Each structure stands twice: as structure tokens, then as C-alpha cells.
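Everything on this sheet refers to the single structure shown next.
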Amino acid sequence: MNKIAFIGAGSMAEAIIQGLIDGGMYLPEQIIVTNRSNIERLTYLKEEYGVNISANKQQVVQEASIVMLAMKPKDVCEGIESVREYIGDQLVISVLAGISIQTIQEIFGSNIPIIRSMPNTSASIRMSATAIAASDRVTMEQIKITKHLFETIGLVTVVEEDQLDAVTALSGSGPAYIYYMVESLQDSAEKLGLEREVANNLILQTLAGAAEMLMQTNKPAALLRQEVTSPGGTTEAGIKTLQSYHFSEAVIHCVKQAAVRSCELKEMFRDQAMKEKSRR
Ligand SMILES: NC(=O)C1=CN([C@@H]2O[C@H](COP(=O)(O)OP(=O)(O)OC[C@H]3O[C@@H](n4cnc5c(N)ncnc54)[C@H](OP(=O)(O)O)[C@@H]3O)[C@@H](O)[C@H]2O)C=CC1
Ligand SMILES: O=C(O)[C@@H]1CCC=N1
């Protein structure tokens, strides 16, 4: 049976697992998950989604045709080391922020085919925006399989690897920026005396409506904003206030810093991988 293994059982692994099962790409019994040591977490995933769990890395990896690396960047060396000797012709897909294909290959100690991906947590409801980049040994068939996998949980686009830092900053981290904006809208509604539930319903429908307007009308965001903004009206007063707080610059700096952090991670862990390699 065609199986997928997850090395790492955190938020991102769960989101992908949920999306893949709901999308019918894998049955729960085709999914096998392991982590470092948190048995409670594995038990939760088994109870919630019916997936297989195991602490036996050899069993997890050898049964699978796809191995998804889903640990934190800081755990990449230990995580790969624990499965390295059991990897044969499985396709390895990484979701790790900032860890380059070259670094992953250094840790594996061979030039195996690797696909680097950057999904987001909306994978759980099959609404991820995912970008993928492939190493030179990845076949067209493997790219096709990977695209199909990520299409099951949302939208997927193929990019050059050097674009993944920007992608990570934009759409990997992106949901958090939107949630932060929602938190601020919730706070403002409370300050204006609106009931929490009433405000939440209005905020969420406004958010969903604005996203649908952008997608369905194809109008530029600036034009849609203009259509809301009556001269001398309420929106203008609000937007002018955002501008006085340098909202746009803040967002630009936010995404830039996230991309810078992705580059920093890349450099940090490249050095660590080189040390691991020379230690072996
Ligand atoms: N969260 C997000 O929105 C996104 C995250 N990513 C990427 O996904 C990856 C995972 O992030 P996230 O799910 O948030 O992280 P979490 O901290 O929620 O989960 C990390 C998981 O990795 C496991 N792990 C740690 N060390 C090892 C090891 N040596 N062997 C096997 N498993 C190990 C942990 O197990 P244990 O609990 O036992 O230590 C845990 O299950 C990161 O690299 C991140 O960059 C990418 C896109 C979006
Ligand atoms: O914050 C992080 O590093 C990860 C990568 C993208 C989203 N979460």
C-alpha cells in the first residue's frame, strides 16, 4: 500500500495530515507518524485522525514511499540522522523553513532527490498556499506526485529554490499576520462597545468577503479599497490613521524581516550540517 511518513508531529504535520485525509489523497491507515519523544502527541493524532503512529523510525520510513520532514529547523540534524540509514528510494519532502536542499542532502550524506516545500497551516482546511522547489535529481514524475499531494490541500506553485525565503515570509508566515490583524479588529470592536460574538461574526464575514472580492473580481486591491473609501467619509478617516502609523511600511518591514530570518536559518543550519558531516 502506498504510504506517507511524517517525521515530526507538530502543527504543520497535523494540518497536512488533516487536509490529506479530508481530500481523500490518503486513508488514515496509509499515514504513519513519528516524533522525537512525545507519545501523548502521537496518541492524540492516532485518536483524532486514525493514523498509524510509531516510535520505531525504521518501521515508519521503510513502509513509506514519501517521507515528509516536519520537525523544527533546529532539530533537522537529529531528525534526519534518526532516519538516514533507512532511506532508499523514498521521495523526501521537507516543509522546514530556511533549510536548503543542499543542507538536507549534506545531512543525509548523499545527493538524494529532495523537494522543499512551504505550505501554511490552512492546509488543515485544504486552503494552503504552497510553493515547492525541487533538487536536480527529482524526476518529473516525482514533481507530479508532489504537486498532486499539495493540490489536495490547496494551491501549489513551483518556484526556484532561491525564492523560498520570500515565499516563507509571505505565505508560510502569512496566516499569522492576518490573525494578528483580526486580533486588533477584535480589540477595537470591544473598545467601541460591540458584543464579542456580534463583532466576531462581522469581522470574519468582512474578511471572507474581502478575500472573495479579490479573487472573484480580479480588481487590484488598491481599486477595491478606493471603492470603499468615500471622500471625507469614515474609511478615509480610518485609512489616514493607518497611514499616520506607517501601516504599509510596517507590513513591508514585517515580511522583509521574516525573509531575513529564513536566510539566517539557512546559514546557521548549513554550518551545523557541515560540522555534522565532518564529524561522521
Ligand atoms: N507552523 C507553521 O505555520 C509552519 C511550519 N513550517 C515548518 O514546519 C516545521 C514544523 O513546524 P511546527 O509543526 O510548527 O513545529 P512543532 O514544534 O509544532 O512540531 C515539531 C515536531 O517535530 C518533532 N521533532 C523534533 N525533533 C525530532 C526528531 N529528532 N525526530 C523526529 N521528530 C522530531 C517534534 O516532536 P517532539 O514533540 O517529540 O519533540 C514535533 O512533533 C518547521 O520546520 C517549520 O519551519 C512550515 C510552514 C508553516
Ligand atoms: O514561524 C516559522 O518559522 C514557521 C515557518 C513559516 C510559518 N511558521
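Please read all numbers here as calculations on a predicted model, not as lab measurements. Below, all heavy atoms of this structure are taken into account, side chains as well, without hydrogens, waters or symmetry copies. Whatever order the structure lists ligands and atoms in, that order sets their numbers, starting from 1.
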**Request:** Using a strict 4.0 Å cut-off to heavy atoms of G172, name the atoms of ligand 2 that fall inside it.
**Result:**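 Close to G172: 6 (C), 7 (C).
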Flag side-chain contact, heavy atom, 4.5 Å: [X] against [Y]:
X: I114; Y: F108; value: yes
X: L45; Y: F6; value: no
X: V182; Y: L207; value: yes

**Residue of the set I99, D165, D271 for which side-chain contact (heavy atoms from CB on, under 4.5 Å) holds with K266** =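 So the option named by the test is D165.
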**Request:** May I ask you to identify the nearest protein heavy atom to atom 3 (O) of ligand 2, giving residue, atom name and distance to one decimal place in Å?
**Result:**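 Minimum-distance protein heavy atom for atom 3 (O) of ligand 2 reads A97 CB, 4.3 Å.
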**Asked** How close does the nearest protein non-hydrogen atom get to atom 1 (O) of ligand 2, and which residue and atom is it?
**Response**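 Checking every protein heavy atom, the shortest distance to atom 1 (O) of ligand 2 gives S173 OG, 4.6 Å.
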**Item:** Results of side chain to side chain donor-acceptor pair (under 3.5 Å) for R36 - residues two or more places apart only
**Value:**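 Side chain to side chain donor-acceptor pair (under 3.5 Å) check on R36 returns D75.
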**Request:** Using only heavy-atom distances, determine whether the side chains of N120 and S171 contain a donor-acceptor pair under 3.5 Å.
**Result:**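 No, because no side-chain N or O of N120 sits under 3.5 Å from a partner of the opposite role on S171.
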**Message:** I'd like to check atom 6 (C) of ligand 2 in this structure: does the protein have a heavy atom lying under 4.0 Å from it?
**Reply:**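 Looking at atom 6 (C) of ligand 2, one finds that a protein heavy atom does lie closer than 4.0 Å.
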**Prompt:** Listing by chain and number, which residues have a heavy atom under 4.0 Å from ligand 1?
**Reply:**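 Residue list for ligand 1: I7, G8, A9, G10, S11, M12, N35, R36, S37, N38, A70, M71, K72, P73, D75, E78, G79, V95, L96, A97, M118, P119, T121.
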**Message:** Once side chain to side chain contact (heavy atoms under 4.5 Å, CB included) is applied, do any residues pair with L27, and if so which ones, sequence neighbours excluded?
**Reply:**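 Testing L27 for side chain to side chain contact (heavy atoms under 4.5 Å, CB included), a comparison that skips the adjacent residues, returns E29, Q30.
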**Prompt:** Excluding sequence neighbours, so at least two apart, what forms side chain to side chain contact (heavy atoms under 4.5 Å, CB included) with Q205?
**Reply:**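 Applying side chain to side chain contact (heavy atoms under 4.5 Å, CB included) to Q205 gives none.
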